[in-house]
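Structure record follows, encoded as structure tokens.
We number each residue from 1, following the sequence as shown.
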Amino acid sequence: MYLTDNQIEIKSITKKQLFELWSLAYNKSADLSWRKYDDPYIPNPLFLTWETFQTDLAEKMLENPHCGLIYFDKKIIGLVTAYWKDGQLQRWLEVGIVVYDFEFRNHGIGEKSLRLWITYLFQLHLHIQHIGLSTWSGNHSMIQLAKKLKLVEEACIPKVRFYRNNYYDALQYGILKPDWQKLNNL
């Protein structure tokens, strides 16, 4: 896979990029501020050793059409993902995005990346009619991103995400293929 929009590229993950991805996302010296927004209510370690990353995550990412690295000016800055919400049926696809490097947040890179990604996924899976994005009410950037892309808020489950002694809402956004195609002149 290779997707591009000016300075932004999304590429399949190969073994060559794994160490750089780990260093950016899970190394003790990495900027781990992204973890405050990426499902922080689910207990996960803040960092992973290189060995654990290789064992637990890396093999699932390699050459996976549902996982791509975001590059900005030829530098890895983030990750886009997709997974089947309905398992083997494979009719309900969810997307995710994370920009690891704080310097590149809030500059429209996430918007362009996710626009490329959703378009790619609709083209990859011609049979699906809907793509969703799940987040929580504490992730204001993701909510704004969903709104900029004209994703529809389809569900709000109040007070089910517990983080730092507060309850937050679980939010579900999505879009139908014909609406996406019309909005993006496809």
Side-chain angles (χ1 to χ4, degrees), residues 1-14 16-41 44 46-48 53 57 61 64-83 93-124 131-153 161 163-164 168-169 171-175 179-186:
M1 140 202 8
Y2 176 77
L3 315 171
T4 186
D5 181 354
N6 294 330
Q7 297 170 297
I8 298 168
E9 299 170 298
I10 298 175
K11 299 180 187 178
S12 296
I13 301 172
T14 64
K16 196 166 110 175
Q17 292 96 16
L18 286 176
F19 187 79
E20 186 177 352
L21 174 60
W22 169 79
S23 297
L24 183 62
Y26 296 105
N27 191 350
K28 285 183 183 181
S29 62
D31 172 5
L32 299 174
S33 62
W34 66 274
R35 295 289 306 178
K36 294 178 194 169
Y37 304 101
D38 189 49
D39 301 337
Y41 38 81
N44 285 314
L46 278 181
F47 63 90
L48 297 175
F53 175 76
L57 294 177
M61 295 178 166
N64 180 341
H66 286 174
C67 198
L69 290 174
I70 302 170
Y71 289 79
F72 183 77
D73 278 343
K74 310 290 184 207
K75 176 183 176 186
I76 296 172
I77 64 159
L79 183 74
V80 285
T81 59
Y83 68 95
L93 196 62
E94 288 274 309
V95 296
I97 183 171
V98 62
V99 175
Y100 297 115
D101 193 327
F102 188 78
E103 171 187 347
F104 295 102
R105 294 182 197 150
N106 301 312
H107 295 289
I109 296 169
E111 180 183 355
K112 287 180 181 178
S113 298
L114 201 51
R115 187 178 310 282
L116 282 170
W117 189 239
I118 292 172
T119 300
Y120 158 77
L121 291 168
F122 272 131
Q123 292 169 348
L124 180 66
I131 288 180
L133 179 148
S134 296
T135 191
W136 60 297
S137 58
N139 191 341
H140 303 289
S141 294
M142 189 64 78
I143 293 166
Q144 290 306 310
L145 176 56
K147 289 178 179 179
K148 283 180 184 176
L149 291 171
K150 306 289 190 226
L151 303 183
V152 176
E153 184 177 326
R161 298 297 188 197
Y163 177 60
R164 293 191 173 178
Y168 295 89
D169 302 341
L171 302 172
Q172 178 66 46
Y173 291 87
I175 194 154
D179 296 337
W180 182 259
Q181 291 170 330
K182 184 177 179 182
L183 284 168
N184 292 284
N185 300 313
L186 301 174

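For Q144, there are no side-chain hydrogen bond (donor to acceptor under 3.5 Å, both in side chains) partners two or more places apart in sequence or in a different chain. A search for side-chain hydrogen bond (donor to acceptor under 3.5 Å, both in side chains) contacts involving K75 returns D101, not counting sequence neighbours. Applying the ring-ring contact (aromatic ring centres under 6.0 Å, His included) test to F19 and every residue at least two apart in sequence or in another chain returns W22, W50. Considering only residues two or more places apart in sequence or on other chains, E111 meets the side-chain contact (heavy atoms from CB on, under 4.5 Å) condition with R115, L145, K148, L149. Residues satisfying the side-chain hydrogen bond (donor to acceptor under 3.5 Å, both in side chains) test with W180, not counting sequence neighbours, are T119. Taking the ring-ring contact (aromatic ring centres under 6.0 Å, His included) definition, one finds that Y41 meets it with W136, sequence neighbours left out. Scanning for salt bridge (charged side-chain N to carboxylate O under 4.0 Å, His left out) contacts around E9 gives K74, with sequence neighbours left out. Residues passing the ring-ring contact (aromatic ring centres under 6.0 Å, His included) test with Y120, sequence neighbours excluded: W117. In this structure K16 satisfies the salt bridge (charged side-chain N to carboxylate O under 4.0 Å, His left out) test with no other residue, sequence neighbours excluded. Take D5 and apply the side-chain hydrogen bond (donor to acceptor under 3.5 Å, both in side chains) test, not counting sequence neighbours, and it matches no residue.
Side chain of N64 to backbone of H66: a donor-acceptor contact under 3.5 angstrom is found. Side chain of Q172 to backbone of E153: no donor-acceptor contact under 3.5 angstrom is found.
For Y26 and F47, the ring centers are positioned 6.0 Å apart or more.
Defined by atom type and a distance below 3.5 Å, a donor-acceptor pair is missing between the side-chain atoms of S23 and E20.
Listed by first then second residue, pairs satisfying salt bridge (charged side-chain N to carboxylate O under 4.0 Å, His left out) with a partner in residues 24-38 number zero, not counting sequence neighbours.
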Open item on the list: Between I131 and L121, does the side-chain contact (heavy atoms from CB on, under 4.5 Å) criterion hold? Intermediate values first, please.
Closed with: CA-CA 8 Å; I131 288 180; L121 291 168; 3.8 Å; yes
Task: side-chain contact (heavy atoms from CB on, under 4.5 Å) assessment of L124 paired with F122 - done: CA-CA 6 Å; L124 180 66; F122 272 131; over 6 Å; no
